[in-house]
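Just so it is clear: chains get the letters A, B, ... in the order the sequence lines come, proteins before strands, and each one is counted from 1.
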There are 8 protein chains.
Amino acid sequence: MPDAIDLNTAASKDVTNQAPVVGVIMGSSSDWDVMQHATAVLDAFDIAYEARVVSAHRMPHDMVEYGATAAARGLRAIIAGAGGAAHLPGMMAALTEVPVFGVPVPSKYLRGEDSLLSIVQMPKGVPVATFAIGEAGAANAALHLIANLATTNPVLREKLIQYRTKQTEAARSMKVPQ
Amino acid sequence: MPDAIDLNTAASKDVTNQAPVVGVIMGSSSDWDVMQHATAVLDAFDIAYEARVVSAHRMPHDMVEYGATAAARGLRAIIAGAGGAAHLPGMMAALTEVPVFGVPVPSKYLRGEDSLLSIVQMPKGVPVATFAIGEAGAANAALHLIANLATTNPVLREKLIQYRTKQTEAARSMKVPQ
Amino acid sequence: MPDAIDLNTAASKDVTNQAPVVGVIMGSSSDWDVMQHATAVLDAFDIAYEARVVSAHRMPHDMVEYGATAAARGLRAIIAGAGGAAHLPGMMAALTEVPVFGVPVPSKYLRGEDSLLSIVQMPKGVPVATFAIGEAGAANAALHLIANLATTNPVLREKLIQYRTKQTEAARSMKVPQ
Amino acid sequence: MPDAIDLNTAASKDVTNQAPVVGVIMGSSSDWDVMQHATAVLDAFDIAYEARVVSAHRMPHDMVEYGATAAARGLRAIIAGAGGAAHLPGMMAALTEVPVFGVPVPSKYLRGEDSLLSIVQMPKGVPVATFAIGEAGAANAALHLIANLATTNPVLREKLIQYRTKQTEAARSMKVPQ
Amino acid sequence: MPDAIDLNTAASKDVTNQAPVVGVIMGSSSDWDVMQHATAVLDAFDIAYEARVVSAHRMPHDMVEYGATAAARGLRAIIAGAGGAAHLPGMMAALTEVPVFGVPVPSKYLRGEDSLLSIVQMPKGVPVATFAIGEAGAANAALHLIANLATTNPVLREKLIQYRTKQTEAARSMKVPQ
Amino acid sequence: MPDAIDLNTAASKDVTNQAPVVGVIMGSSSDWDVMQHATAVLDAFDIAYEARVVSAHRMPHDMVEYGATAAARGLRAIIAGAGGAAHLPGMMAALTEVPVFGVPVPSKYLRGEDSLLSIVQMPKGVPVATFAIGEAGAANAALHLIANLATTNPVLREKLIQYRTKQTEAARSMKVPQ
Amino acid sequence: MPDAIDLNTAASKDVTNQAPVVGVIMGSSSDWDVMQHATAVLDAFDIAYEARVVSAHRMPHDMVEYGATAAARGLRAIIAGAGGAAHLPGMMAALTEVPVFGVPVPSKYLRGEDSLLSIVQMPKGVPVATFAIGEAGAANAALHLIANLATTNPVLREKLIQYRTKQTEAARSMKVPQ
Amino acid sequence: MPDAIDLNTAASKDVTNQAPVVGVIMGSSSDWDVMQHATAVLDAFDIAYEARVVSAHRMPHDMVEYGATAAARGLRAIIAGAGGAAHLPGMMAALTEVPVFGVPVPSKYLRGEDSLLSIVQMPKGVPVATFAIGEAGAANAALHLIANLATTNPVLREKLIQYRTKQTEAARSMKVPQ
């Protein structure tokens, strides 16, 4: 089961020469401000990933190719972010059995309400796991796929538990001015 | 200019053996209740069309193929209807330079608000002409493409003007109970 | 068929002395910030157009006149932008058989949600092809009408395909910081 | 001041031969279910009115004519109801200085949210007095214009005060099961 | 009919010593930024008015008193502006037969959507004429009541027609950069 | 502290001759379908209450009187339900220092979204405790005021704890078909 | 009845050594900007309170503990503020019979619409008294619980009446520029 | 790696005596109509699951216990459905590192808009993978977790690919009446 081995390795510190196990794709380079919150989490967990622009609307054939080769290239999860009429996550879910995690990028006038509905309201049979609009959603897409990977990877699971513990401690140490 | 000739012919009464100049596609056969309002208009104008299910999410490769061959097959317009996270119109617009006319099909819980935003909020560069949610939108998608075709087809333009005149007369003859 | 000839000419470089084939109208000069994204596209395609303020609410008779003469003056498409209770696109569609392409201009408090619904929710029989709120919508209205004109104009079609190819290449060359 | 005299007469019981002082117009005969709540109030106050279909989108020239002659024909108020992309009230306000009272008729999928925004969000300079979506709004449009007429018509003012008193008494007599 | 006389006088240039015919009230002094667009219109038409804060929630008894004396004090219209859970216009409509013109003041987080619904969705029997959110709505409330007053005041009517003509000319003179 | 004694008595079985400690008011008898879910809870806790129609818009002076006498009559809480432009809860909160618990009654076309915003978005200084749209909100308004009363009434607190325990047990016994 | 005594004391000037009767909790220290409007009101009324971060999502066990001990520690009310998917108020209401007053904190992209719905739409049986989005809601949550406490505390009731009187006077003294 | 073995077994036909690998929980038995679309998918894939009511609001301690023991009991995914102020999915995500898949159950008046926002808008650090409102979302939650499990389970992956292929074929065979 090479996937599991890759991933164990992925969970080690040095990920520079590894094949990515997660694809982080977005509709435009302008989405990076939001989507870097996903890769920051992946970095924190030493998950090997690739990040690139794959525009559903301006590069549809690249998108199809990306979906067609995702599983064979060893991707075990795809994080897809897009804004407005956000089709990239749903189309990627149509193109590969690799699970897709969608991030609604805020749009200029409707603040991501359009992005959210375009991503989450998928028809029966073709799921996109959808997260909050913007930065929180990008980070959480990464955390959720890590939680999935962690169910068969004890090292990663340990790291996730530590991450959550640290997060609890950070919240506990928050003070309000008195 | 064979297109114009085809279309003139299309505008004649007998369209049974003609190559379609309009593709009417929808995400599911359940969209037919709405989308038949588009084909009814095309029928009324003797425009040769084809109508079929092309699901963006369940048949993405067929969708790509449909887009790739649309122009070569002589289509001069595509009417695409879909509901919820409605990606078919926008993806078709990404896949072909043939103009796409999108119809937001009402969704079960959000009554088409999701469909509308998923279709109309396309990014710069890949337009979908969007119409009202539901039956009115389906009919109007057909009427709008006919108006476009009519700009170079005097026969069709005459029919359109007659259609509009008849419509005005029908409205004028409406009475309210007194 | 002088229209087709005009348009071929329109697709040539020098458009200064040509009769416009597209009317770009808007409810107020304050809409220009958005609507210039439509004329920029028309410029890029060497389509002869005219751009002017035609307020549905403050100049209703000019609007009626504009609609009444549109076809005779050789217009083959009208791009109409308006915000708030945006009636210009729909009224123009009522006044002429020339196809109307509507652009919802963002409004001060509701960010264009009112503009969008006022434009897109037209009743059966009087279609307005509607595009995204704001700049993207303005550009796309122009691109869509070009796609319609291109179905009978090989020169224009070639330009459109080149435009789309360049757009794909621009998206492909987008990098995210790594 | 013949207007005031007309209206006093209008406020008398026999209105059959009177020139209407109120125009009740609507976009389609299907709006009647809602709009009859306006005429019922006018009937109750013996205000002479006319009720007819004037479709902004299917009869734009009739609409222009209606607006152009409204003042000269003695109309002192226009109640205009429409649904969806509801342009009739706003266009009528553009076409005449006679005050316009707008009624958002519920739409099939968006329940009148589109109608409301299309009517109420008028730009500075061209007001439409807007009322609630549906039956309540239709009745209130009539009541509001009566309140305006009543400011210069003591008979009508007395009737309005009686109407309100009766209404208060009806509310006071409402019982909840105990 | 002293009202008509008052108003004719009101329409003269010198209004300083006149009894107000319009009450402009608002829920807080912070609403003034918006509501001054109503008084600016009244100033332009030389309509005598009073402007003051009458908070429905913090001064309910003053509000009741204001409503109870409005007609007797000679008010022929009340413009009421409020934001959020905006109850002032509707309560004023409950308290006096003088017609009420409501202005939805933009709220901090919901941009006036709450204000609009709180004002426009009045139950049958107690109408508030509602206008657009914010500045445009404030100006239009004033213009609409002037249109009502003008139906029995030829001087005012003449001014209103001039105002509209000037407005049309201003729109006609708008240029877009070419 | 007679209040506490009253309330202890209120919490006994026989409440028929007691002065009410809770006023349940609503804008119309048509609100009873929803509001009876509040009185059913009060019945279950043997809280003496009165239930009546007090329309803010059709009976504003009765409403003022109700507010003015609420405290003196021994009311310790007021549950106010209304729909649409729902002003009753907020106005009652303006009229008395007795705490007001607001219930958004579903409206015909906007399903209570207008009611909710009209009730909850009160300005600083005049609070209305707001609950869910419809039946759940009515019941919860009663439960919340009981929780407040229970903080100084051990008998009532014991009943509330039992009510919650029973509710937990009922949920625990829910089965899904397997 | 030590609670009542505590509260009387709480209503005295010196609250520094008192056990808190109100818990003010929030999901993050970033909510403090809004929530301090609640504690400012409590300060103004000399109500002893505690203010701390209790994150439902990052400190769920602390939250459970907080709820489990709230009544025993003498809390008579809990003000809970949270934004986005705001679960803290509703979960606290599930965990203790002490009444919970919820404050929707504005969220980054949806401006608190998500916060509001997540807090107010509680199911039957587990009420959260909900107030306006943001600062006004925070202040009003405190004022409402004070109104509840005041029903059995004459000193507090007197203070509340004075607070409201002062507020009325402040509103009365508001002037608009003339 | 016992998890993988369990799951392989889970993927076999006979699941009756197996420990569940998926927990399907919902806030009320009334959610079953929707949530059975999740278990139907799990049945189709022979995934061992348990389905039960765990109300966040009425059984908070059971919910905590459920979360605390989920990982140890071998659950590798939790599907949580709830409506209105839907806190179950988010709280479960706070209570366990096992990944949570949230299903917005349609609510009575807001049709699931409240449910959706309450589930999807989770803060950074505590993700809930969210799916469409209603039946489609329930089925897709199950399909998405299967896609995750399939990344390390070749048998399951094969079934998933077959499921998708069959789905594509079903869509391809859809006909529209001609």
Side-chain angles (χ1 to χ4, degrees), chain A residues 1 3-4 7 21 37 41 71 74-77 93-94 96-102 104 116-117 119-154 157 160-161 163-164 166-168 170-171, chain H residues 1 3-4 7 21 37 41 71 74-77 93-94 96-102 104 116-117 119-154 157 160-161 163-164 166-168 170-171:
Chain A
M1 239 160 61
D3 270 5
L7 187 58
V21 292
H37 292 263
V41 167
L75 295 188
R76 288 178 53 188
T96 177
E97 73 276 12
V98 175
V100 176
F101 300 77
L116 172 57
L117 293 177
I119 294 175
V120 78
Q121 286 292 87
M122 290 291 287
K124 183 179 169 179
V126 189
V128 173
T130 308
F131 298 89
I133 299 168
E135 297 81 354
N140 279 353
L143 282 168
H144 198 273
L145 77 81
I146 287 168
N148 279 292
L149 296 176
T151 61
T152 53
N153 185 307
R157 186 170 170 240
L160 178 59
I161 290 172
Y163 182 94
R164 291 168 62 97
K166 222 163 92 182
Q167 179 170 264
T168 298
Chain H
M1 238 159 63
D3 270 6
L7 189 57
V21 292
H37 293 263
V41 168
L75 295 188
R76 286 179 56 188
T96 177
E97 75 276 13
V98 175
V100 175
F101 300 75
L116 172 57
L117 293 177
I119 294 175
V120 80
Q121 286 293 86
M122 289 291 288
K124 182 179 170 180
V126 188
V128 173
T130 307
F131 299 87
I133 299 169
E135 296 81 355
N140 280 354
L143 282 168
H144 198 273
L145 77 82
I146 287 167
N148 280 291
L149 295 176
T151 61
T152 53
N153 185 309
R157 185 168 171 243
L160 179 59
I161 290 171
Y163 181 95
R164 291 168 61 97
K166 223 162 92 181
Q167 181 170 262
T168 297

Using non-hydrogen atoms and a 4.5 Å limit, figure out which bit of H/Ala94 sits close to chain A: side chain, backbone, both or neither. backbone

Could you check which of A/Ala138, A/Gly137, A/Ala132, A/Pro104 has the highest count of heavy-atom pairs closer than 4.5 Å to chain H? A/Ala132

Picking from A/Leu160, A/Val98, A/Asn140, A/Leu143, which has the most non-hydrogen pairs under 4.5 angstrom with chain H? A/Asn140

Where the side chain of H/Arg164 meets the backbone of A/Thr96, is there a donor-acceptor pair that is under 3.5 Å apart? yes

Which bit of H/Val128 comes within less than 4.5 Å of chain A, counting heavy atoms only: side chain, backbone, both or neither? backbone

By side chain to side chain contact (heavy atoms under 4.5 Å, CB included), A/Arg157 pairs with (sequence neighbours left out) A/Ala150, A/Ile161, H/Ala71, H/Glu97

Sequence neighbours left out, what pairs pass salt bridge (Lys or Arg N to Asp or Glu O under 4.0 Å) with at least one residue falling in residues 131-144 of chain H? B/Lys108-H/Glu135

Do the non-hydrogen side-chain atoms of H/Leu116 and A/Leu117 ever get within less than 4.5 Å of each other? yes

What residue in H/Thr168, H/Asn148, H/Leu145 has the most heavy-atom pairs under 4.5 Å with chain A? H/Asn148

Option in A/Pro99, A/Ala93, A/Ala147 with maximal non-hydrogen atom pairs under 4.5 Å from chain H: A/Pro99

May I ask you to test the A/Val126-H/Gln167 pair for a side-chain heavy-atom distance under 4.5 Å? yes

Among A/Gly134, A/Ala136, A/Ala129, which has the most heavy-atom pairs under 4.5 Å with chain H? A/Ala129

Name the option with the most non-hydrogen atom pairs under 4.5 Å to chain H; the candidates are A/Gly125, A/Ala141, A/Gly102, A/Ala77. A/Gly125

Largest heavy-atom contact set with chain H, pairs under 4.5 Å, which of A/Val41, A/Ile119, A/Val120, A/Val100: A/Val120

